[in-house]
Amino acid sequence: MAGRKRTASKNHARNAAAPRPSRVTRSSARRSDVPDIYREMLVEANVRSHATSPERPLKRRRPGQRNEQSIKKPDPPPMTSKNEDVEDEDDIQFEDVPPPAATVQTVYRDSDEEEEGDDDEIQFEDVDFSFPPPNPDSTHDGGGDSSKDLELDFSTRLTANAQKAPDRRKPMNKAEKDRRIEIHKTHLLCLLAHVARRNRWCNDDAVQDNLRTRLTKKMVKYLNPSTNLSQFGQTQSLKDGLQQVATMYKTNFQVTERGIRRALWAENEEYLQNYQLPDDAESPMEKPDFREAAKSLRGSRDIGAQLYCALLRSTGVEARLVCSLQPLAFASGGPPLGKPPKATGKLSIEKRYAQIMEHNNTFESPAAPAGVPIRRRLGHPNATAFHVPTIPTASSSRETPPAPKRIRESPYPIYWVEVLDEAHQKWQPADPLVTDSFWKPQKLEPPASDRENSMSYVVAFEADGTAKDVTRRYTKAYNAKTRKMRIESAEATGEKWWRKALRSFSRGFTTDLDQIENSELIATELREPMPRNVADFKDHPIYALERHLRRNEVLVPDASLSGTVGAGSNGPLEKVYRRKDVRIARSREKWYRMGREVLGNEIPAKFLPKRAKQKSDLFQDDADDDDGGTVGTPIYTSDQTMPFKHPPVVDGRVPKNRYGNLDIYVPSMVPEGGAYVADELAARAAFILGVDYAPALTGFQFKGRQGTAVLYGAVVAAEHEEAVRAVIAGLNDQAADLERERRTREVLKAWRLFLMSLRVRQRIWADVDSDEEAYDKEAMNLDDGEPVAHGHDLEEEAQLSDASDEAGGFMIDDDYAGGFMVD
């Protein structure tokens, strides 16, 4: 403590020697009464840099006042902006704002959305907090070091916490998601075409003939059981035959390449610039290559499953080629592609082993002098003179085969085969190469952690090219997990699109076997148990939780309880409801645009809360803030509405709203006794006839927050509909005649210009001989931009140059010189 006091006194003396204001000098006499500990605190707080401040309380600063001082430094700018805002608000109150007020609100809402979008696109820079920022006050002795130590410890704790924070990915916006959905669809169609082509190759006669020779008569007999056997006997015979064929096939087939794997998105486009396929990836194949693979039984696991399907078809067994499609996902939760390997990275095991062998070959033989010190240690005196005899190795002309390269792939297959069990009329899976399983579909689904394989679409192709989606047979949680990775959950029309994509591979009619299989798949889906965690209930087609309901979704009053689920081991239990008890609620305006109106005296099913961020409300009156109530916008379900009806048409008079048109959002909104003519010329035709009509407002075209009414067609009385349509047909004919006349005038104008050009040419060449005209044409021909020179032209030019009695096309007369007579 004494040492610290001496340090403080030195600092105090040094500070006293420095020039100070008079106010500080006058108060130096009273500083002797201040305890030493306060002096140290004043030195640490760097009072000298703020001594010129006019505020006297700075001399009696408390220990924690320094942090308050640093926090209060940026206060003046906010105070200035606040005053400016108040002035702007005062100006707006007395300014004449043109109606409607919604336009001003729209502008502010658009600006808010733009600011939010800009904030989402901000990418924060990685800052290294391992070193503290430079402190300008650290030049002072004593107090500066202690302050620096405190700041260093504080930044270290912040750095430790910052490193533990997870790296969260930026969520996708709507444009990016729509783009990924389109890529997902395109990739699906390409994969379907690829599998359909390989399925046709399995029916090739040359491929089947090469594979049939590897089967024995006993195998063929087991694969085609007799109908005299019982139902169980036929199934058991088929199983035994498949087992024997699988043993033979697995022994002879050699996997030399990597097949299809899961497609992944790259985190950065730069990762794809130098991307290269692995060296062991499957090479592109044509039908001759497929036939060669059938002879050698070498290739990827995918080729092995395809050849296995062709082998079974060659024996008369009804076999399907099944493929688990691996398209690019449209969601952002999948694993990324990762960074490409660096060129200067670590060597592979094979290359490192080769370098070690080359390095060992450079060493000397055991008979070299390097081994003399070892033999010298032996007890025999002549041990050093003994030379180890070299044994010659017999050179073998037969080279050792290279070791098979190990291929790292998913432990679950991409391709396998389904065999028809005719005794039970069921399709059963068979996978001899990867899982070596038969009649066990649950063994073919990969886990969610598998990076190389993801089961979302499983399509089976029969020998006639018919395709069927059999995903529900192999997935354990189709509705809870698998469905979220399919196109059905991405958009409302996804299921319809997928059925349309498979329609090109359909048979055109439904067989009895198809009906049995459809019933089996539906039963498998219905037997799926209730999810066990809260996340799987989101967007579940059968069950729903109240926490996962959207803003416009409500439960019916008499919703039945299906069970409970807990959020974790210690979380509270939540009620599980049926998805059929969930209703979509809408506001009065939305129901009106759908052709329905809310019944009178109906209690809203729910109140939508107001948006948290609305800058426009800050500049509006208090009366505008109360629109829609303080609780939010009321919404109603379809049970609380009825079809909307306009007033009927009476005596040919069509009802209109205050804008002079009629809202026709749906066909049911056409008034009774009226007719809607959907044509752009309907209003003009009704005006020509002189009948009453109302332009039809069919919707709004929104640009941002502001919508513009779209008028298309007109509503007239039912007795005038036929006349209006006749006038529209006449107007269309008249427009067609006018267009025909215009085109005729354009054609005649072109012909007139062409004939005038021919006449001008004829007049120019009228007095010119045909030979001279042909000569001029030849002279005008160019060859690579230069005139064409012929042999007879060169001869004529030489003759003209030799002639001395002509010059420039005129006769030379000696009596004239320059056009004058020579005297």
> Under 3.5 Å, is there a donor-acceptor pair between the D514 and T511 side chains?
Replying inline: yes
>> I'd like to know whether NZ of K287 has more than 12 heavy-atom contacts from other residues, nucleotides or ligands below 6.0 angstrom.
In response: yes
> Is R262 paired with E452 through a side-chain N to carboxylate O contact shorter than 4.0 Å?
Replying inline: no
> Do V458 and V322 come close enough that some side-chain heavy atom pair is under 4.5 Å?
Replying inline: yes
> Can a salt bridge be assigned to the pair K481 and D536 using a cut-off of 4.0 Å between side-chain N and carboxylate O?
Replying inline: yes
> Could you walk me through whether V255 and L433 pass the side chain to side chain contact (heavy atoms under 4.5 Å, CB included) check?
Replying inline: CA-CA 9 Å; V255 179; L433 291 179; 5.6 Å; no
> Would you find more than 12 non-hydrogen atoms of other residues, nucleotides or ligands less than 6.0 Å from E546 atom CD?
Replying inline: no
> Just by distance, do the side chain of Q208 and the backbone of C202 share a donor-acceptor pair under 3.5 Å?
Replying inline: yes
> Do T475 and E445 have side-chain heavy atoms sitting under 4.5 Å apart?
Replying inline: yes
> Are the side chains of M455 and T482 in touch, meaning some heavy atoms are under 4.5 Å apart?
Replying inline: no
>> Please give me the minimum heavy-atom distance between L521 and D469, naming the atom from each residue.
In response: CD1-O, 3.9 Å
>> Assess the residue pair R547 and E574 against the criterion (salt bridge (charged side-chain N to carboxylate O under 4.0 Å, His left out)); give the C-alpha distance rounded to whole Å, side-chain angles, the decisive distance to 0.1 Å, and a yes or no.
In response: CA-CA 9 Å; R547 66 156 67 182; E574 299 185 25; 2.4 Å; yes
> With ring centroids as reference points, do Y457 and H187 lie under 6.0 angstrom apart?
Replying inline: no
> Do E517 and R473 meet the salt-bridge criterion of a basic N to acidic O distance under 4.0 Å?
Replying inline: yes
> Are any of the side-chain heavy atoms of Y543 and Y577 separated by less than 4.5 Å?
Replying inline: no
> Given the rule in the side chain to side chain contact (heavy atoms under 4.5 Å, CB included) test, do V670 and I664 qualify, once you have shown the distances and angles that lead to the verdict?
Replying inline: CA-CA 6 Å; V670 178; I664 306 294; 4.1 Å; yes
> What's the shortest heavy-atom distance between L337 and A266, and which atoms?
Replying inline: CB-CA, 3.9 Å
> Do S668 and R596 come within less than 4.5 Å of each other through their side chains, counting heavy atoms only?
Replying inline: no
> Which atom names give the shortest non-hydrogen contact between K185 and I487, and what distance separates them?
Replying inline: CE-CD1, 3.9 Å
>> Does Q701, at its CD atom, have more than 12 non-hydrogen atoms belonging to other residues, nucleotides or ligands within less than 6.0 Å?
In response: no
> Between R320 and E462, does at least one N-O distance fall below 4.0 Å, as a salt bridge requires?
Replying inline: yes
>> Donor-acceptor pair, distance only, cut-off 3.5 Å: does the side chain of H540 make one with the backbone of I542?
In response: yes
> Under 6.0 Å from the six-membered ring centre of W416 and within 45° of its axis: does the NZ or CZ of R301 meet both?
Replying inline: no
> Rounded to the nearest 0.5 Å, how far does OG of S562 lie from CG of D581?
Replying inline: 7.5 Å
> Any chance the side chains of R486 and T471 put a donor and an acceptor closer than 3.5 Å?
Replying inline: yes
>> Under a plain distance cut-off of 3.5 Å, with no hydrogens placed, do S300 and E282 share a side-chain donor-acceptor pair?
In response: yes
>> If you apply the rule side chain to side chain contact (heavy atoms under 4.5 Å, CB included), what do you find for F438 with Q243, and how did you get there?
In response: CA-CA 8 Å; F438 302 91; Q243 190 66 40; 3.4 Å; yes
>> If only side-chain N and O atoms count, and only distance matters, is there a donor-acceptor pair under 3.5 Å linking R313 with N203?
In response: yes
>> With rounding to the nearest 0.5 angstrom, report the CD1 to CG distance, I260 to L191.
In response: 6.5 Å
> Would you find more than 12 non-hydrogen atoms of other residues, nucleotides or ligands less than 6.0 Å from L561 atom CG?
Replying inline: yes
>> Taking W591's backbone N and O only, do any of them form a donor-acceptor pair with E597's side chain (distance below 3.5 Å, no angle check)?
In response: no
> Does the pair Y636 and R588 meet the rule for a side-chain hydrogen bond (donor to acceptor under 3.5 Å, both in side chains), with working shown?
Replying inline: CA-CA 8 Å; Y636 306 86; R588 292 179 180 270; 3.3 Å; yes
>> Can you tell whether the side chains of E176 and R179 come within less than 4.0 Å, N to carboxylate O?
In response: yes
> How close do H184 and A329 get, heavy atom to heavy atom, and via which atoms?
Replying inline: ND1-CA, 4.2 Å
> Could you give the distance from CE (M669) to OH (Y676), rounded to the nearest 0.5 Å?
Replying inline: 12.0 Å
> What distance do R527 atom CZ and R472 atom CZ have between them, rounded to the nearest 0.5 Å?
Replying inline: 12.0 Å
>> For the CZ atom on F702, are there more than 12 heavy atoms of other groups (residues, nucleotides or ligands in this structure) within a distance under 6.0 Å?
In response: yes
> Do N199 and W201 touch side chain to side chain, with heavy atoms closer than 4.5 Å?
Replying inline: no
> What is the minimum heavy-atom distance between A319 and V417, and which atoms define it?
Replying inline: CB-CG1, 3.9 Å
> Quick one: do K239 and D421 make a salt bridge, cutoff under 4.0 Å?
Replying inline: no
> Has R507 got more than 12 heavy atoms of other residues, nucleotides or ligands less than 6.0 Å from its CZ?
Replying inline: yes
> salt bridge (charged side-chain N to carboxylate O under 4.0 Å, His left out) between R200 and D464: does it pass, once the steps are laid out?
Replying inline: CA-CA 8 Å; R200 290 193 300 269; D464 57 354; over 6 Å; no
>> Are F505 and T466 packed together at the side-chain level, in the sense that at least one heavy-atom pair is separated by less than 4.5 angstrom?
In response: no
> With a 4.5 Å limit on heavy-atom distance, are the side chains of Y592 and V598 in contact?
Replying inline: no
> Under 4.0 Å between a Lys/Arg side-chain N and an Asp/Glu carboxylate O for K174 and D178?
Replying inline: yes
>> Could you check whether Q326 and S324, counting side-chain N and O atoms only, form a donor-acceptor pair closer than 3.5 Å?
In response: yes
>> Quick one, F253 with L307, criterion side chain to side chain contact (heavy atoms under 4.5 Å, CB included). Give me CA distance, side-chain angles, the key distance, then yes/no.
In response: CA-CA 10 Å; F253 189 83; L307 295 177; 4.1 Å; yes
> Strictly by modelled atom types, are D450 and S410 linked by a side-chain donor-acceptor pair under 3.5 Å?
Replying inline: yes
> Is the count of non-hydrogen atoms from other residues, nucleotides or ligands lying under 6.0 Å from K250 atom NZ greater than 12?
Replying inline: yes
> Taking 4.0 angstrom as the limit, do D209 and R212 come out as a salt bridge?
Replying inline: yes
> Under a 4.0 Å N-O cut-off, is there an ion pair linking R499 with E488?
Replying inline: no
>> If you count heavy atoms of other groups shown closer than 6.0 angstrom to CZ of R298, is the number above 12?
In response: no
>> Ignoring hydrogens and geometry beyond distance, is a side-chain donor-acceptor pair present between D431 and Y415 at under 3.5 Å?
In response: no
> For residues N518 and K468, is any side-chain donor paired with an opposing acceptor at under 3.5 Å?
Replying inline: yes
> Do T637 and R583 meet the criterion of a side-chain donor-acceptor pair at a distance under 3.5 Å?
Replying inline: no
> In Å and rounded to the nearest 0.5 Å, what is the CG to OH distance from L215 to Y222?
Replying inline: 14.5 Å
>> Tell me the closest heavy-atom pair linking L312 and T315, and the distance in Å.
In response: O-OG1, 2.7 Å
> When rounded to the nearest 0.5 angstrom, what is the spacing between CG in L311 and CG in N210?
Replying inline: 11.5 Å
